Amino acid sequence: MNNHYIPVAKPVARLIEEFNRLPGIGPKSAQRLAYHLLRMPPEQAKALAEAILEVKERVVLCSICQNVAETDPCPICCSEGRDRGRICVVEEPLDILALERTRQYDGLYHVLHGVISPMDGIGPEELKIRELLARLRHNTFSEVILATNPNLQGEATAMYLQRLIAPLGIRVTRLARGLPMGGDLEYADEITLARALEGRMEMKGI
Amino acid sequence: MRAPRVYKTEAIVLKQSKLGEADRIITCYTPYLGKMRGVAKGVRRPGSRLSGHLEPFTHTSLMLAQGQNLDVITQAQTIEGFWPLRQDLRRMSLALYAVELVERFTSEGLENPGLFRLFSAMLHLLGQAEDPESALRFFEVQLLERLGYRPHLDSCLRCGRAPASGGNYFSPSAGGLLCPFCRSEEPIVYPLSVAALQWLRRLQAVDIAEMDSLKIPQPQLKELALRAREYIRYLLEQEIKSAAFVEMLHQEEGRSRAR
Ligand SMILES: [Zn+2]
Ligand SMILES: [Zn+2]
């Protein structure tokens with residue numbers, strides 16, 4: 001490849017620009033994806049476009065657990081078969097999928113939509129913590145499982161939540177450190193996660 | 001000097017950002033290469049051998065290979081994990097503030113081994129000091145000193161008179177003290193009490209070994225924190241973001257003590 005200026009058709013340039021905004025996609029990958037779409041049969045491209053639109057139109061945040069879902073409340077919050085005495089707090093919706101795959105947990109969830117990250121200016125107010133506390137106050141839970149990622153921000157968030165929840169007299173547990181420090185929960189394999197769930201431990205008060 | 005193709009360095013991790021599917025860009029501070037960035041591949045997957053050695057404020061030994069844009073971290077081994085900072089939310093928040101100060105004030109390729117030693121000693125101190133907040137005020141003073149921003153506190157910057165006995169003023173733009181007669185010479189000045197001035201001068205002179213048990217009284221601690229904040233804001237032209245979290249924890253602790 002050379003660096004000479006090559007004129008790109010405007011719609012293609014726009015597509016490249018849009019791809020470039022997505023997480024994990026740099027300028028090179030954006031170009032590759034755009035030219036791949038150009039070669040795609042029209043029906044397939046249309047299906048992709050519709051899927052994107054549908055996601056924005058049909059998917060909502062569950063007003064109880066803050067998970068992304070097609071209905072509000074979401075199927076997990078509505079389910080009769082789940083243990084309503086336990087609640088598992090995660091950073092992102094994808095973490096719920098990872099935990100569900102273990103088939104080791106049948107309680108409820110709460111999605112924070114992020115972690116405390118002081119250096120990025122992200123404090124507790126930016127997360128769904130107020131909603132969590134309201135849930136804990138207005139329902140009877142016997143256990144809160146803190147399943148934030150095993151890295152610095154995840155630990156900070158767990159410690160912060162522990163402080164807030166302790167006065168409510170609910171048992172607070174944290175996923176066991178079977179998970180290596182510094183990783184992302186969404187990449188954990190089922191066995192590691194199942195073990196981590198099994199070995200969760202009480203958080204000591206400060 | 002360009003680093004060789006494969007090289008080793010000590011480093012303290014300052015921050016991480018996500019890259020691609022499972023990689024991270026690690027920003028760290030080193031004794032001889034100043035601030036630097038490197039790519040750590042696959043560290044977001046559990047089971048990565050590198051990830052546990054690259055968490056923020058870990059003092060680590062790195063092996064890097066020159067890359068096209070960023071160098072690639074091929075090995076990492078923890079020298080000191082500063083465990084006490086990870087188990088106590090207040091100490092952790094103060095350490096993050098110290099880390100952010102270093103991140104904002106230093107540049108790539110600008111060596112300052114003295115600052116590196118101060119920083120690593122400071123992380124130790126924040127983990128064990130009786131009063132970590134006093135230790136942090138010491139760090140602010142010493143960091144500014146090593147970066148060439150030592151404020152002039154011995155006499156009034158304008159008239160040269162000794163500090164007034166009833167209180168003086170601090171001017172971030174002038175970088176030091178103004179007496180009550182000269183305060184209007186600078187557009188923005190902040191009051192500086194006699195007790196706070198004494199503490200500031202002591203923090204400029206004291207050895208870090210004495211900081212373990214040093215405890216600045218609450219009113220002066222608060223005053224020094226504010227003056228440091230204003231001076232740093234002036235120098236960087238922006239806020240230290242972690243300060244908001246430190247402040248929030250402080251207030252919540254105050255409230256729960258009051259209950
Ligand atoms: Zn729900
Ligand atoms: Zn004067």
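Below, chains carry the letters A, B, ... as their sequence lines are ordered, and counting in each starts from 1. All figures in this text were calculated on a predicted structure; none of them were measured in a lab.
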Asks: For residues A/Ala156 and B/Leu89, report the shortest heavy-atom separation together with the two atoms involved.
Replies: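 Closest pair (atom of A/Ala156, atom of B/Leu89, distance): O-CD1, 3.6 Å.
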
Asks: When heavy-atom pairs shorter than 4.5 Å are enumerated against chain B, which of A/Pro124, A/Ser29, A/Gly26, A/Gly123 gives the highest number?
Replies: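 Greatest number of close heavy-atom pairs with chain B: A/Pro124.
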
Asks: Less than 4.5 Å apart, any side-chain heavy atom of A/Leu152 and any of B/Met92?
Replies: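 Result yes, sub-4.5 Å side-chain heavy-atom pair found.
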
Asks: Measuring heavy-atom distances to chain A, does B/Leu19 have an atom under 4.5 Å in its side chain, in its backbone, in both, or in neither?
Replies: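 No part of it gets close to chain A.
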
Asks: Does B/His250 NE2 have over 12 foreign heavy atoms under 6.0 Å away?
Replies: no

Asks: Hey, could you give me the CG/CE distance between B/Leu14 and A/Met119, rounded to the nearest 0.5 Å?
Replies: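 Atom-to-atom, B/Leu14:CG and A/Met119:CE are 6.5 Å apart.
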
Asks: Which bit of A/Ile122 is near chain B, if near means a heavy-atom gap under 4.5 Å: side chain, backbone, both or neither?
Replies: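 Neither; nothing under 4.5 Å.
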
Asks: Take atom CZ in A/Arg14; do more than 12 heavy atoms of anything else shown fall under 6.0 Å from it?
Replies: no

Asks: So what's closer than 4.5 Å to chain A heavy atoms on B/Tyr97: side chain, backbone, both or neither?
Replies: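 For B/Tyr97, there is no contact with chain A at all, as no heavy atom is under 4.5 Å.
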
Asks: Is it the backbone or the side chain of B/Leu50 that comes under 4.5 Å from a heavy atom of chain A, or both, or neither?
Replies: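 Neither the backbone nor the side chain of B/Leu50 comes within 4.5 Å of chain A.
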
Asks: For side chain to side chain contact (heavy atoms under 4.5 Å, CB included), just list the numbers for A/Arg163 and B/Leu249, CA-CA rounded to whole Å, side-chain angles, deciding distance to a tenth of an Å, and then say yes or no.
Replies: CA-CA 11 Å; A/Arg163 280 175 169 211; B/Leu249 284 184; 3.5 Å; yes

Asks: Just checking A/Leu38: does its CG atom have more than 12 heavy atoms from other residues, nucleotides or ligands closer to it than 6.0 angstrom?
Replies: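 Atom CG in A/Leu38 is packed in, count exceeds 12.
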
Asks: Hey, what do you get for CZ (B/Arg44) to CG (A/Asn149), rounding to the nearest 0.5 Å?
Replies: 10.0 Å

Asks: Is the number of heavy atoms from other residues, nucleotides or ligands within 6.0 Å of CZ (B/Arg146) greater than 12?
Replies: yes

Asks: So how far is it from B/Met248 CE to A/Glu125 CD, rounded to the nearest 0.5 Å?
Replies: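 Between B/Met248 CE and A/Glu125 CD, I get 6.0 Å after rounding to 0.5 Å.
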
Asks: Do you know the tightest heavy-atom contact between A/Met159 and B/Asp88?
Replies: SD-N, 4.0 Å

